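Reviewing the structure listed below.
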Protein chains: 2
Amino acid sequence: MTKPKEVTIYDLARKLNVSIATVSRALKDDPVVSKKTKKKVFDLAEEMGYRYNHFARNLREQRTYTIGVIVPRLNSYFMSTVIAGIESVANNEGYTLIISQSSESAEKELASAKTMFNNRVDGILVSLAYDTENLNHFSPFFQKNIPLIFFDRVADHPECTSVLIDNRKGAYEATSHLIAQGCRNIVHITATPKRNVYVDRLAGYKQALADHQLPFDEKNVLINNLSQEAGAQAAGAILQMNPLPDAVFAANDNCAVGCMIALKKAGIRIPHDMAFAGFNNDPVSTVIEPNLTTINYPGYKMGEMAAASLINHLNGVNSIDATNTILLRSELIIRASSLKTRSDSE
Amino acid sequence: MTKPKEVTIYDLARKLNVSIATVSRALKDDPVVSKKTKKKVFDLAEEMGYRYNHFARNLREQRTYTIGVIVPRLNSYFMSTVIAGIESVANNEGYTLIISQSSESAEKELASAKTMFNNRVDGILVSLAYDTENLNHFSPFFQKNIPLIFFDRVADHPECTSVLIDNRKGAYEATSHLIAQGCRNIVHITATPKRNVYVDRLAGYKQALADHQLPFDEKNVLINNLSQEAGAQAAGAILQMNPLPDAVFAANDNCAVGCMIALKKAGIRIPHDMAFAGFNNDPVSTVIEPNLTTINYPGYKMGEMAAASLINHLNGVNSIDATNTILLRSELIIRASSLKTRSDSE
DNA sequence: CGAAACAATGTAACCGATTACATTGTTTTT
DNA sequence: AAAAACAATGTAATCGGTTACATTGTTTCG
């Protein structure tokens, strides 16, 4: 209950009969301080239980060594992997994270941005919510020259770097693979065209169709929020189609899985009647039967890249805003859910 | 690149021809300041783009309005759900979170604790790593009277509240259910007995056996890290057993799923040859076939409770350390993986 | 009408670091 | 031996708030 006084550099200085300046320098390992003095300072600090006061420094330096992170949601395998990547880099560089989730709502994203701003983060990493329409809520950051880096769900802005994969290429490969398996009538399940990732995946899907002389039909594109439940609902819509499609390419694995489960329940054989491909390489893709063909998404790496890029920027390295976009490698992982040929012989 | 000067209360005071004290009070909505003055202050603050400086306040008040959270890992459905719960409460009460993951290593947990301590969190929420042996790394918190609340993976300490479910009861129910389904030779897969959750689940398992006059066999308890891969390995061990067990109760769903997949591949029919039960109600439990019987774990609620309890403590409410443990309700969810009787008729 | 009570605002010390500039003491150079 | 160079340390202003205590002005009441 009683608040024991904190030990400060003043206390150390008094005890050692040196000035606070010397103590301050010693603690930062400034080469200008003699080794002997440093040792004395370190030892006494240890002994007295001194702890560094970040606020005093922040107040003085007008920096916080804090990075804000805004994600749509934390409870997805992909996002928590990204955050693990961000954290490892940030911690290594002495930065602290403030993490907030927008819960896919533009409104909460705005509130989070405000909180981050008022907490004076040195920089901010953002993956946009489903229904975010514009970047107005980030303009205070731009005005104050606080670097903002987007990852995964990005937006175009002259002052921002984006870290992402080539979604278009991934979708193109997945779709082409389905076509190579003999599929001709492929449904694509995706989410709001407000987000680049879904726009690009749709574009890749269309491109693949076009390159293989297959017609594109607007009705074959289903839009939902890509949750597992939404996948189950999409299955309902698919079953109404006439003729039935012979493949489904979903913009994420969760949705694909929900859809597969519902279709299987309805008697559809996968991949025999309908081939499946997802996106993200979520662990669930190796649990569903048949295992889901998908696009591997390097989440951890993405987190590392985004954080490293931001911190470099903060440290003045690479401060030229030349880097507009950082593309990470992704790859198609072929599993049973799309192997028509082989599975027929099984 | 140029750093625009921040607006401070001094700037506001000068422009309005009042003292900084008045401005400070006005901004905090102190009733002692006249309404007219307050309005002027608020308007000017808005106009000049003033933003509150937390560090100055923190420096002065010796508080940070920050809560530290240490979890074993973020990329699990359960943990990210808990964190979502923590976040909602903390944000509502004006607290900021610093989240760090120990990656199941005592060493990293120690480092995280140190970081939190040096960042002067007002309080800390902890779920322990696999191999943490003691609480020495938290003693600085105890010494400075910084409240520490454990959740899920807890430890006994006179000054700490714990938030968890009745793991023993959950395990007892799951095991009893398997026994009721006719299983007599049940394997239990769990993790290190350093953690309460695993100790308690093992105890519940044993208790259920004893209450039904079934012998307990040490060889039927497999210890691993409960990952999906570890589950697959456990399957190998199980297949060596003679006679084969007729049921498996795993201490988490991921491990159960890994084990099931491997066993199915080896030709074991679930639940016919071997019934399964898991723990946590991870979404994957409804994807695996057959769907996994499990114990529902209220993660979001747990996060809310832990955060609310901590903040109450910080606000002086409920400061009596009477609350030692908060138990949340959990429940058995029966699915196909354990239904021997019904599944036989299917 | 003057004292007491109160409302509104001001003064100044304080929180704990950083750092430009000044000072002191020691070594090297000429 | 005096001047120059350098190493080590010290002085003091500064960051932007909070708040105990002091001050001023206005109202109330005997």
Side-chain angles (χ1 to χ4, degrees), chain A residues 3-42 44-45 48-66 94 96 117-122 144, chain B residues 3-42 44-45 48-66 94 96 117-122 144:
Chain A
K3 205 145 210 176
K5 268 276 182 20
E6 288 283 345
V7 180
T8 72
I9 53 171
Y10 294 88
D11 302 323
L12 301 180
R14 201 175 316 118
K15 263 222 168 116
L16 290 173
N17 245 326
V18 297
S19 73
I20 55 162
T22 299
V23 174
S24 173
R25 292 191 186 107
L27 288 171
K28 312 182 75 184
D29 212 13
D30 191 319
V32 87
V33 178
S34 74
K35 291 223 174 68
K36 219 178 358 175
T37 310
K38 266 188 208 166
K39 175 143 178 39
K40 281 197 298 183
V41 171
F42 277 120
L44 185 64
M48 296 184 67
Y50 166 82
R51 57 175 179 163
Y52 189 81
N53 189 319
H54 291 259
F55 305 105
R57 173 191 60 177
N58 293 345
L59 180 57
R60 185 66 228 270
E61 290 194 356
Q62 306 281 31
R63 286 183 68 177
T64 63
Y65 293 91
T66 299
T96 301
F117 185 71
N118 288 328
N119 273 293
R120 304 193 182 207
V121 294
D122 288 345
K144 286 236 189 291
Chain B
K3 204 146 212 176
K5 270 273 180 25
E6 289 283 344
V7 181
T8 72
I9 55 170
Y10 293 89
D11 301 324
L12 300 179
R14 200 175 318 119
K15 265 228 166 106
L16 290 174
N17 245 326
V18 297
S19 73
I20 55 162
T22 300
V23 173
S24 174
R25 293 189 186 109
L27 289 171
K28 311 182 74 184
D29 211 13
D30 190 318
V32 88
V33 177
S34 75
K35 292 224 174 67
K36 220 180 352 175
T37 309
K38 266 190 210 165
K39 176 145 177 36
K40 281 196 299 183
V41 171
F42 277 120
L44 185 64
M48 296 183 68
Y50 166 82
R51 59 175 179 163
Y52 188 81
N53 190 320
H54 292 260
F55 306 105
R57 173 192 59 176
N58 293 345
L59 181 56
R60 187 66 228 270
E61 290 194 354
Q62 305 281 31
R63 284 185 69 177
T64 64
Y65 293 92
T66 299
T96 301
F117 185 71
N118 288 329
N119 272 293
R120 305 191 183 211
V121 295
D122 288 346
K144 286 235 189 291

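Since the model is a prediction, treat every value here as computed from it, not as a measurement. Just so you know, these numbers use all the heavy atoms, side chains as well, and skip hydrogens, waters and symmetry mates.
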Identify the pairs formed between an N or O of the protein and an N or O of nucleotides 12-16 of chain C at a distance under 3.5 Å, and give each distance.
residue	atom	partner	partner atom	Å
dC15(C)	O3'	Q62(B)	NE2	3.2
dG16(C)	OP1	Q62(B)	NE2	2.9
dG16(C)	N2	A56(A)	O	3.3

Answer whether the closest heavy-atom distance between the side chains of R51(A) and K144(B) falls below 4.5 Å.
yes

Is any side-chain heavy atom of N58(A) closer than 4.5 Å to a side-chain heavy atom of Y65(A)?
yes

Starting at CD1 of I9(A), measure out to CZ of R25(A) and round the result to the nearest 0.5 Å.
10.5 Å

For D11(A), answer base if it contacts any base atom (sugar-phosphate contacts may also be present), sugar-phosphate if it contacts only those atoms, and nothing otherwise; contact means non-hydrogen atoms under 4.0 Å.
nothing

Axial cation check for F55(B) ring with R57(B), 6.0 Å and 45° limits:
no

Can you confirm if the NZ or CZ of R120(B) lies within 45° of the ring axis of F117(B) and under 6.0 Å from the centre of its six-membered ring?
no

For chain B and DNA chain D, what are the first and last nucleotides along the strand, 5' to 3', with at least one atom under 4.0 angstrom from a heavy atom of the protein chain?
dG16(D) to dC21(D)

N17(A) near the nucleic acid: base, sugar-phosphate alone, or nothing, with a heavy-atom cut-off under 4.0 Å?
sugar-phosphate

For V18(A), which contact category applies under a 4.0 Å heavy-atom criterion: base, sugar-phosphate, or nothing?
sugar-phosphate

Side chain to side chain, Y50(B) and D11(B), heavy atoms closer than 4.5 Å
no

Does K38(A) reach the main-chain N or O of D30(A) with its side chain, forming a donor-acceptor pair under 3.5 Å?
yes

Donor-acceptor side-chain pairing of T64(A) and D122(A) below 3.5 angstrom
yes

